[in-house]
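Note on naming: letters A, B, ... go to the chains in the order of the sequence lines (proteins, then strands), and numbering restarts at 1 for each one.
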Number of protein chains: 2
Amino acid sequence: MKDVAQHAGVSTATVSRVLNGHAAPTPETRERVLAAIEELGYRPNALARSLRTTSTQTLGLVISDLLNPFFAEIARAVEDEARSHGYCVVIGNADESAEQEATYVRTLLDRRVDGLLLCPATDDPSLVREVSAGGVPVVLLDRTVKGATCPVVRADGSEALTALARRLVGAGHTRIGVIAGPPNTSTGRERTDVLTGSLGGLAQVVHGDFRQESGSQAAAKLLDGGATALVAMDNLMGLGALGEIRARGLQIPNDVALAVFDDQPWFPLLDPPITVVAQPTVEMGRAAARSLLALINGQQPDDVRLTAKLVLRGSLGEAEL
Amino acid sequence: MKDVAQHAGVSTATVSRVLNGHAAPTPETRERVLAAIEELGYRPNALARSLRTTSTQTLGLVISDLLNPFFAEIARAVEDEARSHGYCVVIGNADESAEQEATYVRTLLDRRVDGLLLCPATDDPSLVREVSAGGVPVVLLDRTVKGATCPVVRADGSEALTALARRLVGAGHTRIGVIAGPPNTSTGRERTDVLTGSLGGLAQVVHGDFRQESGSQAAAKLLDGGATALVAMDNLMGLGALGEIRARGLQIPNDVALAVFDDQPWFPLLDPPITVVAQPTVEMGRAAARSLLALINGQQPDDVRLTAKLVLRGSLGEAEL
DNA sequence: GATCCATGTGTAATCGATTAACTACTGCTC
DNA sequence: GAGCAGTAGTTAATCGATTACACATGGATC
C-alpha cells in the first residue's frame, strides 16, 4: 500500500480512502491512485483490514458431514446467500463428531468470523453457550440444542411423518422398522418420536448414527425381526438400508416397503422410485444465512420453521393408493 | 493478550513465548501465564498472528461444484489430509463458472492462504499464472490448464476407457453415444478423445457441461440418433442420462447399454447396477494436499497420476461377458 | 572482586491496513 | 486584506500478535 501511495504521489490514507469509496478524494487523485494500483497489481491484505476493522466479512459454517448430500446442498445454499451479501463462507466438517465440531468452532472463532452457523452434532448446549459468551452471533441449522438461546432454522417433518404413519398402518403393516438417528440429536429424537407416536405400538426402533453403514446394520436387525416396512431417518441410512434390502434379494414394495427422510436426485430412478419426506434444503440454507446476517446487523431474527413434505413415489406399495 | 500479561504479572512477549512453546520461560512463569489464560478464557487472534508471521496455516480449495459428490469427496479428503498437518481448508465453490472461480481465487489470495488447490473450470492458464506470479503455491487437481507450470494431480482413465470401448465394440454396438464434458476442460477433452479414438468411427459425441440437465439433453439427442449404448463422462451427466432413459421407458441393458465416469455409492443399487470408471477420489484429494504442503515447504513435488479403474456391474449387458 | 556467560524477561519495532485529528490551501464575504 | 468555511490530503495512533535486541540477574572462573 505504501508503494501504491508513493507511486501515485499521495499518502496511504488517501489510497485507503479511494479503496473504501470515501467522499474525500478528488476524481483526479482517485484516478491517479487507481492507475497506480493497476500498474503495481496491488491487492489489499484482508488480514490487516480485518484486524483493524474487526470484521472479516466471513461466516463460519460447521456441518455434520460434507459427504451427506443434504448438508452439501445446505452448504451450497448458505454460500450463495452469503455471497450475495458480500460475505464469504468458511466450511468446517465435523464428521458427526462433537470433538471435531468443537475444534472447528474454536478455529473459526480464532479467525474472527463475523458469525457462525452450526449444525450441532449433539444437543449439548455448552459449545453454543461458549460461542455466545464470546459475543459471536450464532444460528443453529437443522438441529437444535437443549435450551438454545439463539435463532434456530429447521424443517418440521411432523405432518409428513404422521401422514406416512397413517399410510403404513392403513396398508396393514404391523411390524414397522424405524431406522432412527442418534438419540442425542434433536432431529434424531424428534423425527422418531413423531413417527413412533403415530404408529402406536407397531414401531420397532433401532438407532443409527446418520451414516450409511449404520443404516445397513439397522435394516438387517429390523428385517431379522420380521419388519415388513422400513423408514430410514436420513438419506445415508436410507442408502444403507437399500443396500441391505438388495443384498437379501428382497423386492420393494412387495417384500418390504421403504420410505426415507431426505430426498435425493437419484431416488426417482430406482425401481420402484423411493417415497420420501423431502426437506426444503435450499430454503433452509438461505434462511439460516439470512438470519445470521440479520443477527450480525443487530436485529433479532425469529426462529424459522419450514415444512417438510411427503413425496409418494411407489416404494410403499399399496399403502400409497 | 495485554490483559493476560497483566494478570500474570509478565510482559506480552512472555505470554507470546509461552503460547508458541519457546524454550525461554521458566516452568513457573509458564504456569502463571497458562493460569491467567485459562482464567480469562483468552484465545489468540489468528488474524494478528498471521499478519505478523505471514502464514495463515490455511489452504484454499476452489472446486467446480460442491453438489457434485465427486468434488465433495475430494474436498473431504483434502480437508482430512490438511488437518492432519495442522492446516485448515477454505472451500470455494466455482459452480463451473470461470468468472466465479476467478473471484474466489482472488478472495482467497486476499486472505493470504498459504497455498491454493484449484480444479480449473477451463483450461485457460491465465488465472494460474496470476496466482503463481503472486508467489503463492498452487497445485491443480483433477484438471489441468494449457502449459501448466505447477504440479498437477489427476486420475488417468485411458486404460479403463480403452477397455470399455473394446467391450462395447465387441458386443456389436455400432452407434455409441458419448456424453462428453465441455471441450474447454482438460478432463472433458481427454476422456472423450481416448474413448472416441478407441471406438473408431462408431462414436457420436454430444457435449454437456458436467451437470445433470445437460446429461438428459445429450442423452435425448443421442437416443434420437439411434444410439444403443451411452457413456456419460461424469456422474452428474450420468444421472441425467439415467433419468432420460427411464423417462423413455427404456430397459438397461437390453434397449440401451450405459456406463458412467465416476462411481457413486448408489450405482450398485440400480437394476441393473451401473458399470463405471471409478476414480480414486480420496487418494486424489490426499495427494493434492500433500503436494501443496510440499510446495509450501519449498520442495518441488512431481505431478501425480493415479489410475481410474473400470468396474463392471452389468449395465453393459452381454458386453460384459 | 572483576569478568564473563547463560538465562529469563522486558522494550519496542513491525506486519498492512483504517481513521481521528490536524494542516494547507482555495475561494468567498464584508 | 482579514476572517471564515469548506475541501483535500497528511500525520500518526491503532488493531493484536511476534521477535530482534537490550537489560538484569546469578553463578562460575580466574
Side-chain angles (χ1 to χ4, degrees), chain A residues 1-37 40-58 86 88 106-114 134-136, chain B residues 1-37 40-58 86 88 106-114 134-136:
Chain A
M1 181 156 158
K2 237 183 285 178
D3 296 346
V4 173
Q6 214 156 16
H7 214 80
V10 297
S11 73
T12 60
T14 304
V15 175
S16 174
R17 289 200 185 103
V18 169
L19 255 72
N20 295 298
H22 267 250
T26 49
E28 186 190 329
T29 341
R30 179 184 306 275
E31 202 58 39
R32 272 217 318 286
V33 171
L34 290 176
I37 287 177
L40 298 178
Y42 164 80
R43 304 238 73 205
N45 183 321
L47 296 176
R49 185 209 297 273
S50 295
L51 179 58
R52 187 58 236 253
T53 59
T54 64
S55 138
T56 50
Q57 297 293 101
T58 302
C88 219
R106 298 211 181 92
T107 308
L108 292 173
L109 294 188
D110 286 353
R111 289 166 194 238
R112 298 303 190 260
V113 292
D114 293 342
V136 178
Chain B
M1 181 154 159
K2 238 183 285 179
D3 296 346
V4 173
Q6 214 155 16
H7 214 80
V10 297
S11 74
T12 61
T14 302
V15 175
S16 173
R17 286 196 268 259
V18 170
L19 254 71
N20 294 298
H22 266 251
T26 50
E28 186 190 330
T29 330
R30 177 184 308 274
E31 202 59 37
R32 271 218 318 286
V33 172
L34 290 176
I37 288 177
L40 298 178
Y42 163 80
R43 302 240 73 203
N45 183 322
L47 296 177
R49 185 208 297 271
S50 295
L51 179 58
R52 187 57 234 255
T53 60
T54 66
S55 140
T56 50
Q57 296 293 101
T58 303
C88 220
R106 298 212 180 90
T107 309
L108 292 174
L109 293 188
D110 287 353
R111 291 169 191 235
R112 298 303 191 264
V113 292
D114 293 343
V136 178

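Listed by chain and residue number, A/Ser50, A/Thr58, A/Arg112, A/Asp114, B/Leu47 satisfy the side chain to side chain contact (heavy atoms under 4.5 Å, CB included) test with A/Thr56 (two or more places apart in sequence, or in another chain).
Atom pair B/Arg43:CZ and D/dC15:P shows a separation of 21 Å (rounding to whole Å applied). The CD-P distance, from A/Gln57 to C/dT18, rounds to 12 Å in whole Å. Put simply, CZ on B/Arg52 is 9 Å from P on D/dT18, counting in whole angstrom units. Atom CG of A/Asp110 is separated from atom P of D/dG16 by 14 Å (rounded to the nearest Å). Rounded to whole Å, the distance from CG on B/Leu51 to C1' on C/dA13 is 13 Å. Protein atom NE2 of B/His22 is 8 Å distant from nucleotide atom P of D/dA20, rounded to whole Å. Separating the CG atom of A/Asn20 from the P atom of D/dG9 is a distance of 16 Å, rounded to the nearest angstrom. Nucleotide D/dC15 holds its P atom 18 Å from the CG atom of A/Asn45, rounded to whole Å.
Considering every non-hydrogen atom in both B/Thr29 and B/Thr14, the closest pair reads CG2-CG2, 4.0 Å. Of all non-hydrogen atoms in B/Ala48 and A/Leu51, the two that sit nearest each other are CB-CD1, 3.9 Å. Annotation for B/Gly86 and B/Gln57: closest pair O-NE2, 3.5 Å, computed over non-hydrogen atoms. Closest approach of B/Thr12 and B/Ala5 over heavy atoms only: N-CB, 3.7 Å.
Listed by residue number, the members of residues 10-19 of chain A with any heavy atom below 4.0 angstrom from DNA chain C are A/Ala13, A/Ser16, A/Arg17.
Annotation: of the two residues near DNA chain C, A/Leu47 and B/Thr29, the 5′-most nearest-nucleotide partner is B/Thr29.
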Full working for side chain to side chain contact (heavy atoms under 4.5 Å, CB included) between B/Val10 and B/Val18: CA-CA 11 Å; B/Val10 297; B/Val18 170; over 6 Å; no

Audit row: A/Arg43, B/Leu109, side chain to side chain contact (heavy atoms under 4.5 Å, CB included) steps and yes/no: CA-CA 9 Å; A/Arg43 304 238 73 205; B/Leu109 293 188; over 6 Å; no

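No contact: B/Thr54 has no heavy atom under 4.0 Å from any strand. Across all strands shown, A/Ser50 has no heavy atoms under 4.0 Å from either base or sugar-phosphate atoms.
Side chain A/Arg49 to base C/dT18: no donor-acceptor pair is found below 3.5 Å.
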